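Note sheet for the following structure.
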Amino acid sequence: MDHEKLVVSGGNPLRGRIEAGGAKNSALKLMAATLLAEGSYRIERVPRIVDVQTMVQVLGRLGCATTFEGNTLTVDVPAEPGTEAPYDLVRQMRASIIVLGPLLARRGHARVSMPGGCAIGSRKIDLHLRGLERMGAEIAMDHGYLDARCDRLTGTRVVLDFPSVGATENLIMAGVLAKGTTRIENAAREPEIADLCAMLATMGARIAGAGTPDVEIEGVDALRATDHVVVGDRIEAGTYLIAAAATGGDVTVTGVAPKHLDLPLQKLADAGAQVDAGVNEVRVAMPGGPKPVDFVTLPFPGFPTDLMPQMMVLCSLAGGDSIATENVFESRFMFVDEIRRMGADIRLDGHHAAIRGGARLQAAPVRAPDIRAGAALVIAALAAEGETEITGLGFIDRGYERIEERLATLGARIERRVPR
Ligand code: EPU
């Protein structure tokens with residue numbers, strides 16, 4: 001698969017309507033949450049992406065049966081799921097660590113391969129582990145595996161040093177079956193966390209303050225299986241909207257809550273786009289050339305780090321200089337070298353990037369280094385002169401469902417070539 005490439009002929013404004021899929025970063029957590037109760041779950045609007053496939057395999061190793069029909073995933077969870085998430089799967093997707101909380105809560109034991117390095121930073125998990133230990137888990141490192149044990153977790157107050165998305169989710173899922181009340185302060189507020197809490201609530205969990213910095217969970221003795229529809233993917237939607245702006249196009253994305261994209265839409269408006277937000281859809285049109293715009297990534301509701309690389313491409317095309325500041329990950333600017341190969345003029349200084357506008361992007365062979373940088377390269381290629389070949393599709397496919405087919409419906413000249 002890794003020899004496949006996207007071939008993109010740039011210069012065509014994107015136009016039309018497109019529906020966002022369900023959010024990757026919600027679907028993966030909802031799938032892990034099924035481990036909290038025996039029975040059959042039906043989760044609709046699950047994106048058919050590689051990361052979801054990896055989580056299907058993780059659930060499979062834990063004894064769950066899954067079937068897909070279109071974008072509806074059925075998960076059958078046994079009375080006693082397994083407790084080990086092995087290296088070969090966690091290596092492919094760090095987010096597998098999210099089974100730690102649910103397995104500990106349900107089985108009192110979890111053995112999860114320690115996630116390794118990653119292209120956007122070292123991505124520690126100390127906050128997950130410290131929180132679980134405060135709830136009574138004993139966690140040891142054993143030959144590259146985290147081995148966590150407890151009798152029954154006990155509710156407690158956890159103040160996170162940083163509003164980590166994964167730590168907040170692991171601790172919420174640990175708390176729902178714990179004895180007593182768990183209070184998470186400085187919790188992450190990403191909409192995907194509210195979505196997870198909504199599903200947990202229909203399973204019988206008692207959670208107050210979902211989607212706020214103070215989440216309070218009153219543990220219950222048992223939960224039950226449920227059905228759920230995944231929230232729309234704000235990052236996929238934002239990617240298409242930035243692509244519309246970068247190509248001087250006019251695109252409406254449906255199936256996404258504009259309030260989940262407040263700051264990106266504000267920044268697109270500052271860059272000169274016409275932005276029309278409806279109830280569950282948003283239209284972005286860019287009649288003239290983009291204006292420069294500074295932006296700073298922060299946990300939600302700040303500007304999402306997952307749209308930073310895409311936005312930097314738009315800034316490269318602007319009629320002036322912009323500054324991007326990355327505050328969430330320590331080394332998420334590594335993709336800049338690839339974008340430079342297409343003619344972008346970007347200088348880095350620590351967690352700041354100075355983007356000189358007015359670039360005439362040119363086609364070049366490039367390689368996607370991670371999911372979102374891959375999406376940024378696609379946007380750069382759509383805005384560039386000539387035919388760009390993008391490899392490293394394994395990354396783009398981890399987060400975007402059939403990106404070439406979806407963009408082609410908006411008039412993009414893009415195709416996937418598979419070597420024979
Ligand atoms: N951090 C720690 N200790 C921890 C946990 C996090 O120091 O215990 C640090 C990390 O090193 C990082 C920062 O906190 O610098 C943010 O990490 P966070 O835990 O919030 O992120 P995550 O849960 O690992 C999720 C998404 C990412 C997204 C971030 C931030 C999933 C599967 N992944 O990661 O999505 O960028 O939140 O919003 O939900 C992507 O979709 O391409 C992607 C990378």
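Since we're looking at a predicted model, the values are computed, not measured. Indexing begins at 1, ligand by ligand and atom by atom, following the structure's order. Hydrogens, waters and symmetry mates play no part in the numbers below; they use all other heavy atoms, side chains included. Start at 1 with the first residue, then count along the sequence.
- Within the structure, the salt bridge (Lys or Arg N to Asp or Glu O under 4.0 Å) test picks out no pair touching residues 95-105 (sequence neighbours left out).
- The part of Asp306 lying near ligand 1 is the side chain, judged by heavy-atom distances below 4.0 Å.
- For Met55, no heavy-atom contact with ligand 1 is shorter than 4.0 Å.
- Atoms of ligand 1 found under 4.0 Å from any heavy atom of Arg332 (numbered from 1 in listed order, with element): 36 (O), 42 (O), 44 (C).
- Proximity of Lys24 to Ile371: side-chain heavy atoms (C-beta onward) are separated by under 4.5 Å at one or more points.
- With a heavy-atom cut-off of 4.0 Å, Thr305 touches ligand 1 through its side chain alone.
- In this comparison of Val165, Asp51, Leu298, Asp126, the heavy atom closest to atom 7 (O) of ligand 1 sits on Asp126.
- Considering both main-chain and side-chain atoms, Ile371 never comes within under 3.5 Å of ligand 1 through any nitrogen or oxygen pair.
- For the pair Met55 and Leu89, the minimum side-chain heavy-atom distance is 4.5 Å or more.
- Remark: minimum distance from atom 19 (O) of ligand 1 to any protein heavy atom is reached at Ser164 OG, 2.6 Å.
- Looking only at side-chain heavy atoms (C-beta outward), Glu4 and Arg417 stay at 4.5 Å or farther from each other.
- Contact annotation: for Lys29 versus ligand 1, heavy atoms closer than 4.0 Å belong to the side chain alone.
- For atom 24 (O) of ligand 1, the closest non-hydrogen atom of the protein is Arg123 NH2, 2.9 Å.
- With a heavy-atom cut-off of 4.0 Å, Lys124 touches ligand 1 through backbone and side chain alike.
- For Ala95, every heavy-atom contact with ligand 1 shorter than 4.0 Å involves the side chain, none the backbone.
- No part of Phe300 comes within 4.0 Å of ligand 1, judged by heavy-atom distances.
- Within the 4.0 Å cut-off (strictly below), no protein heavy atom is located near atom 9 (C) of ligand 1.
- Arg111 forms a cation-pi arrangement with Tyr145, by the criterion of a distance under 6.0 Å to the ring centre and an angle within 45° of the ring axis.
- Close approach of ligand 1 to Gly166 (heavy-atom distance below 4.0 Å) involves ligand atoms 19 (O), 23 (O).
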Could you give me the CA-CA distance, side-chain angles and deciding distance for Thr239 and Tyr400, then say whether side chain to side chain donor-acceptor pair (under 3.5 Å) is met? CA-CA 10 Å; Thr239 300; Tyr400 293 88; 2.8 Å; yes
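- For atom 33 (N) of ligand 1, the nearest protein heavy atom (residue, atom name, distance) is Asn25 ND2, 3.6 Å.
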Could you give the side-chain donor-acceptor pairs of residues 168-180 under 3.5 Å, partners two or more places apart or in another chain?
{"from": "Thr168", "atom 1": "OG1", "to": "Ser164", "atom 2": "O", "distance (Å)": "2.6"}
{"from": "Thr168", "atom 1": "OG1", "to": "Ala188", "atom 2": "N", "distance (Å)": "3.0"}
{"from": "Glu169", "atom 1": "OE1", "to": "Lys29", "atom 2": "NZ", "distance (Å)": "2.6"}
{"from": "Glu169", "atom 1": "OE2", "to": "Lys29", "atom 2": "NZ", "distance (Å)": "3.4"}
{"from": "Asn170", "atom 1": "OD1", "to": "Gly101", "atom 2": "N", "distance (Å)": "2.8"}
{"from": "Asn170", "atom 1": "ND2", "to": "Ile97", "atom 2": "O", "distance (Å)": "3.2"}
{"from": "Asn170", "atom 1": "ND2", "to": "His128", "atom 2": "ND1", "distance (Å)": "3.0"}

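- Residue-level proximity to ligand 1 for Val328 is carried by backbone and side chain together, each with a heavy atom below 4.0 angstrom.
- Close approach of ligand 1 to Phe162 (heavy-atom distance below 4.0 Å) involves ligand atoms 13 (C), 14 (O), 16 (C).
- Using the six-membered ring where Trp is involved, Phe303 and Phe295 have ring planes that are tilted, between 30° and 60° apart.
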With side chain to side chain contact (heavy atoms under 4.5 Å, CB included) as the criterion, how do Met31 and Val56 come out once you've worked through the C-alpha distance, each side chain's angles and the decisive distance to 0.1 Å? CA-CA 8 Å; Met31 291 170 72; Val56 159; 3.6 Å; yes
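- For the pair Glu326 and ligand 1, no heavy-atom separation below 4.0 Å is found.
- With Phe68 as the aromatic partner, Arg48 meets the cation-pi criteria of under 6.0 angstrom to the ring centre and within 45 degrees of the ring axis.
- When the heavy atoms of His128, Met308, Arg372, Met93 are ranked by distance to atom 41 (O) of ligand 1, first place goes to Arg372.
- Under the 4.5 Å side-chain criterion, counting only non-hydrogen atoms from C-beta, Asp321 is not in contact with Ile355.
- Atom 29 (C) of ligand 1 has as its closest protein heavy atom Phe329 CZ, 3.8 Å.
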Take Asp227 and Met199, measure what side chain to side chain contact (heavy atoms under 4.5 Å, CB included) needs, and give me the verdict at the end. CA-CA 8 Å; Asp227 298 341; Met199 178 167 122; over 6 Å; no
